[in-house]
Amino acid sequence: MHDAPSDKTAARREMVDICRRMNSSGINQGTAGNLSCRVEGGFLITPSSLPYEAMQPEDIVEMDFDGTYVGRRPSSEWRFHRDILRERQDINVVLHCHSLYATTLACHHKTIPSFHYMTGVAGGNTVRCAAYATFGTQALSDNALIALKDRLACLLGQHGQISLGKTLEAALWLGIEIETLSRMYVQALTIGEPPVLPDDEMDRVIEQMRKMSYGHAPDAEGVNDLARPRAT
């Protein structure tokens with residue numbers, strides 16, 4: 001597991017910054033989205049019904065995995081934040097928003113297929129859409145966990161999207177990527193259902209992405225024509 005932030009004060013400040021960037025990037029509007037971050041002893045989560053522009057670090061709510069909290073009332077979606085962080089020890093951050101194009105697809109319960117290789121950023125050959133359930137309920141959390149199995153993102157039926165990350169920056173980046181993919185897919189569908197890349201190609205794509213995340217060049221093994229530093 002990637003280590004959770006040890007400095008809760010710094011984590012609170014960064015969460016407020018990321019929330020405001022969710023709005024400025026266009027993936028969130030008003031008070032619709034929410035954000036959580038694992039910390040020692042539990043997790044931090046955005047409060048309920050507080051505009052990000054007015055939010056201060058001290059407004060961020062600290063919760064335990066038993067559902068108890070300190071401070072303001074937590075986001076109504078605290079259940080899926082808690083359950084995802086408890087279930088997924090490989091991630092530290094859960095970002096939820098109602099970005100326009102991802103939500104458009106979610107309203108049709110459409111899974112995003114591998115119509116474009118960047119679908120692989122979510123960790124597989126699809127971005128699944130979870131079955132609908134009432135917001136803030138345990139049923140919604142249960143459905144989200146199913147859709148997120150072996151994935152870093154999903155759509156929520158007739159609701160929005162969830163993106164995960166080891167860091168706050170990574171979760172924001174992925175949320176923006178999922179919205180970009182969603183927009184491309186919606187536009188591609190205006191011409192017709194696009195072809196999808198085969199699973200073996202997506203396996204190669206995901207492996208290349210994994211190598212790049214560790215700082216390695218995305219060149220295929222066994223290929224001699226590689227980018228390399230010039231000798232001095």
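You'll find the side chain of Cys37 reaches within 4.5 Å of the side chain of Met15, heavy atoms only. Contact of the Ile112 side chain with the Ser182 side chain is registered, since non-hydrogen atoms from C-beta on lie closer than 4.5 Å. Between Gln208 and Lys211, the closest side-chain pair of non-hydrogen atoms falls below 4.5 Å. When side chains are defined from C-beta on, Ser36 does not count as touching Val93, because their heavy atoms never get closer than 4.5 Å. Considering only heavy atoms from C-beta on, Tyr52 comes within 4.5 Å of Asn28 through its side chain. Inter-residue side-chain proximity for Pro194 and Leu189 is flagged as met; some heavy-atom pair is nearer than 4.5 Å. Between Leu50 and Thr31, every side-chain heavy-atom pair lies at or beyond the 4.5 Å cut-off. You'll find the side chain of Val94 stays beyond 4.5 Å of the side chain of Leu35, heavy atoms only.
Side-chain contact check for Gln158 and His109: at least one donor-acceptor pair (N or O, by modelled atom type) lies under 3.5 Å. Counted by atom type alone, Arg183 and Ser99 present zero donor-acceptor pairs between their side chains at under 3.5 Å.
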### Task
Go through the steps to decide whether Leu181 and Phe115 satisfy the test side chain to side chain contact (heavy atoms under 4.5 Å, CB included), and finish with yes or no.
CA-CA 9 Å; Leu181 273 171; Phe115 79 105; 4.1 Å; yes
### Message
One pair to check against salt bridge (Lys or Arg N to Asp or Glu O under 4.0 Å): Asp17 and Arg21. What are the steps and the verdict?
### Response
CA-CA 6 Å; Asp17 176 63; Arg21 287 165 61 190; 3.3 Å; yes
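A salt bridge is defined here as a Lys NZ or Arg NE, NH1 or NH2 lying under 4.0 Å from an Asp or Glu carboxylate O, and Glu207 with Arg204 fails to meet this definition.
Within the model, atoms CD1 of Ile178 and SG of Cys97 stand 10.0 Å from one another, a figure rounded to the nearest 0.5 Å. Atom-to-atom distance recorded for Thr134:OG1 and His159:NE2 is 10.5 Å, nearest 0.5 angstrom.
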Please report, to 0.1 Å, the donor-acceptor pairs under 3.5 Å made by any side chain of residues 53-65, with sequence neighbours excluded.
{"residue": "Glu53", "atom": "OE2", "partner": "Asn23", "partner atom": "ND2", "Å": "3.2"}
{"residue": "Asp59", "atom": "OD2", "partner": "Gln56", "partner atom": "N", "Å": "2.8"}
{"residue": "Glu62", "atom": "OE2", "partner": "Lys8", "partner atom": "NZ", "Å": "2.6"}

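A salt bridge (Lys or Arg N to Asp or Glu O under 4.0 Å) check over residues 74-85, counting only residues at least two apart or in different chains, returns the pairs Asp83-Arg86.
The only member of Asp199, Asp203, Thr119 that meets side chain to side chain donor-acceptor pair (under 3.5 Å) when paired with Asn125 is Asp199.
When atom types are taken as modelled, the side chain of Arg128 and the backbone of Thr111 share no donor-acceptor pair closer than 3.5 angstrom.
Centroid-to-centroid, the aromatic rings of His96 and His81 stay 6.0 Å apart or farther.
By the rule that hydrophobic residues join a cluster once side-chain heavy atoms approach within less than 4.5 Å of another member, Tyr69 and Ile84 end up as members of one cluster.
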